[in-house]
Amino acid sequence: MIAEFENLSEDEKEELFSRYSEDKKETRKSYQLPPLPNAERGEVVMRFAPNPNGPPTLGSARGIIVNSEYARMYDGKFILRFDDTDPRTKRPLLEAYDWYLEDCEWLNARPDEIVYASKRIGMYYDYAVRLIEMSHAYVCRCPRDEFKRYRDAGMACPHRNRSAEENLEDWEKMLGGEYAEGEAVLRIKTDMSHRDPAVRDWVAFRIIFSDHPLVGDEYVVYPTLDFESAIEDHVLGVTHILRGKDLADSEKRQRYIYQYFGWDYPVVRHWGRVKIHEFGKLSTSEIRKKIEEGVYAGWDDPRLPTIKALRRRGFEAEAIRKFFLSLGVGENDVSVSLKNLYAENRKIVDEKAERYFFVWSPVRIEIEGMEAVEDIELPLHPSRNIGTRKLRGERVVYITRDDYESFKGREVRLKGFCNVKIQENGKAVYLGDEIEEARKGRNIIHWLPESQAVRCEVLTPDGKVEGFAESNVRGAVNSVVQFERYAFCRVEEVERGVRAVYTHP
RNA sequence: GCUCCGGUGGUGUAGCCCGGCCAAUCAUACGGGACUCUCGAUCCCGUGACCCGGGUUCAAAUCCCGGCCGGAGCACCA
């Protein structure tokens, strides 16, 4: 059987291997999302609705991936909707709109439709008017604190029972800029004795005298998320809503609107909070501040949990997808290590990453007793036949300080080159080239010839690591390579020295 | 405090709706071994969990009650 296999041509072997690994992938790939209740093939409409006040982060990725995955599962539609209706407290960033588009695309979740809430404020006004006319909404002129007292007491405020005409009039005044910020809001009538105070007559529109990055100073009355989202989900025909449980109460509020208009509320499911060990709690606004302070170099700083940063680090979209699909859509909070993402990514990247040497904290070593310079060829990949790279076996080489310290006085194999005995004084004694001479085990180390060592810095999540890389990496710009015995890294710059970004071990 | 929601190995997850086939799935992590001119990959093997207490039942991870723990919301933020 084995002999039979050996007799096959390389191509045939390749084919067998790939067929075998394909099968394995298929079974392993089963991060199946649970079925959606009430979902019909071709009818499902999902949406992801971020506020673009910064670039998408790992947190956003979950929303993008899970929603788009369900849309795909049911052959449905995936909508990207910008809930950008607060130009002050959660002010959108103009560039961020495009960042979301880019990252969705990159995550293999291209939206079938894109909606900008701020461009549809006029439409929300129409629905507001209808609610006022039906006496399901009213303009409330209570100061915030005063209303809070009514709410806590479960009592109607003085404005609650005014006529539709009066309310319409006040509404017009709001729109006309006759009221200052805080002087009037439009509230949806719910139930002042609702057991959950958060549901009692919630605010649908408020006055904000601030220009909006996308629509300028066209409006002074902006809808709140609950109103905007309620209307949009219906207008867009959203069938299923999947989002974080921080928005769980929204459903209770929004249902009133659906009831007043006689609409059906979409199926809602919430997932718990995700905490990633490696990234502390970083809010978008905190990151923004630290970028401005110069703590981070930008939104794609490798230390950040933004999609931009992960992409720069060389993560594959598919790995990120699998990572989130593996978390499922449970309502319990998860606290997960990035190691899981690393593992997913490694599976993809290992078979295509070219291998190179990177010597961090280099120590210069002179090899004594070596006869002549040798030309050495090393494979670009340990198991796949994708070519070789050339190194010169010279008398002067660099090895890392770690190896120097731990192998001092002992024999090691310079991978692909020769065996030496490391001396205490920064020198080494040549022992021969034969691999057989080298002890099997953990004594094969990587190295670099002085003449082919180029300065290299690696940006890691914990800071910068400096050393030398072999000049051959110049051919690997913009790709993920494995610096042997170090980590996978994405090479992003090769002029004037090499700069790479750490992906993962 | 009030209102919701959750608690399966170190971590994440399946199972829970419709009790038995669950001495509980898969992944990751960890430990051991094989292979390898990388500390990567691959291949074996192994460790390890149903929050606690009652109840219902012939039978409970699954149903009910109570407790404990955790989270979210209680904004003119999203």
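In what follows, chains are A, B, ... by sequence order, proteins preceding strands, each numbered from 1.
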5' precedence on RNA chain B between A/H277 and A/H446 (nearest-nucleotide basis): A/H277
Going by side-chain hydrogen bond (donor to acceptor under 3.5 Å, both in side chains), name the pairs with one or both residues in residues 180-191 of chain A, residues two or more places apart or in two chains. A/R88-A/E181, A/T190-A/D201, A/D191-A/S193
A/K322 NZ to B/A27 P: how many Å, rounded? 13 Å
Which pairs with one or both residues in residues 325-334 of chain A pass salt bridge (charged side-chain N to carboxylate O under 4.0 Å, His left out), sequence neighbours excluded? A/K245-A/D333
State which residues pass salt bridge (charged side-chain N to carboxylate O under 4.0 Å, His left out) with A/R151; sequence neighbours excluded, sorted by chain then number. none
Please work out if A/V185 contacts a base, only the sugar-phosphate, or nothing of the nucleic acid, heavy-atom cut-off 4.0 Å. base
Could you please name the option among B/C77, B/G40, B/C74 that lies closest to any side-chain atom of A/R206? B/C77
A/T460: which residues meet the side chain to side chain contact (heavy atoms under 4.5 Å, CB included) condition with it, sequence neighbours left out? A/V458, A/D462, A/V465, A/Y486, A/Y502
Do A/Q482 and B/U38 share a donor-acceptor pair, side chain to base, under 3.5 Å? yes
Partners meeting salt bridge (charged side-chain N to carboxylate O under 4.0 Å, His left out) with A/R91 (sequence neighbours left out): A/D211
Pairwise N/O distances under 3.5 Å, protein to nucleotides 70-72 of chain B:
residue	atom	partner	partner atom	Å
B/G71	O4'	A/D333	OD2	3.0
B/G71	O2'	A/D333	OD1	3.4
B/G71	O2'	A/D333	OD2	2.8
B/A72	OP1	A/R273	NH1	2.8
B/A72	O2'	A/K245	O	3.1

Footprint string (nucleotides 29-34 of chain B, 5' to 3'): B base within contact, S backbone only, - free, heavy atoms under 4.0 Å: ------
Output row for RNA chain B, stems defined as at least 3 consecutive Watson-Crick or G-U pairs under 3.5 Å, is B:1-7 with B:68-74, B:10-12 with B:26-28, B:30-34 with B:42-46, B:51-55 with B:63-67
Counterpart residues, salt bridge (charged side-chain N to carboxylate O under 4.0 Å, His left out), relative to A/R144 (two or more places apart): none
Looking across every strand, which nucleic acid part, if any, lies under 4.0 Å from A/C418 by heavy atom: base, sugar-phosphate, or nothing? nothing
Test of understanding: with salt bridge (charged side-chain N to carboxylate O under 4.0 Å, His left out), list the residues that count as partners of A/R355, not counting sequence neighbours. A/D350
By the 4.0 Å heavy-atom rule, please label A/G182 as base, sugar-phosphate, or nothing. base
With sequence neighbours left out, what residues match A/Y356 under ring pair (Phe, Tyr, Trp, His ring centres under 6.0 Å)? none
When you measure from every atom of RNA chain B, which of residues 82-92 of chain A have a heavy atom less than 4.0 Å away? A/D83, A/T85, A/D86, A/K90
Spell out yes or no: do the side chain of A/R195 and the base of B/U3 have one donor N/O and one acceptor N/O closer than 3.5 Å? no
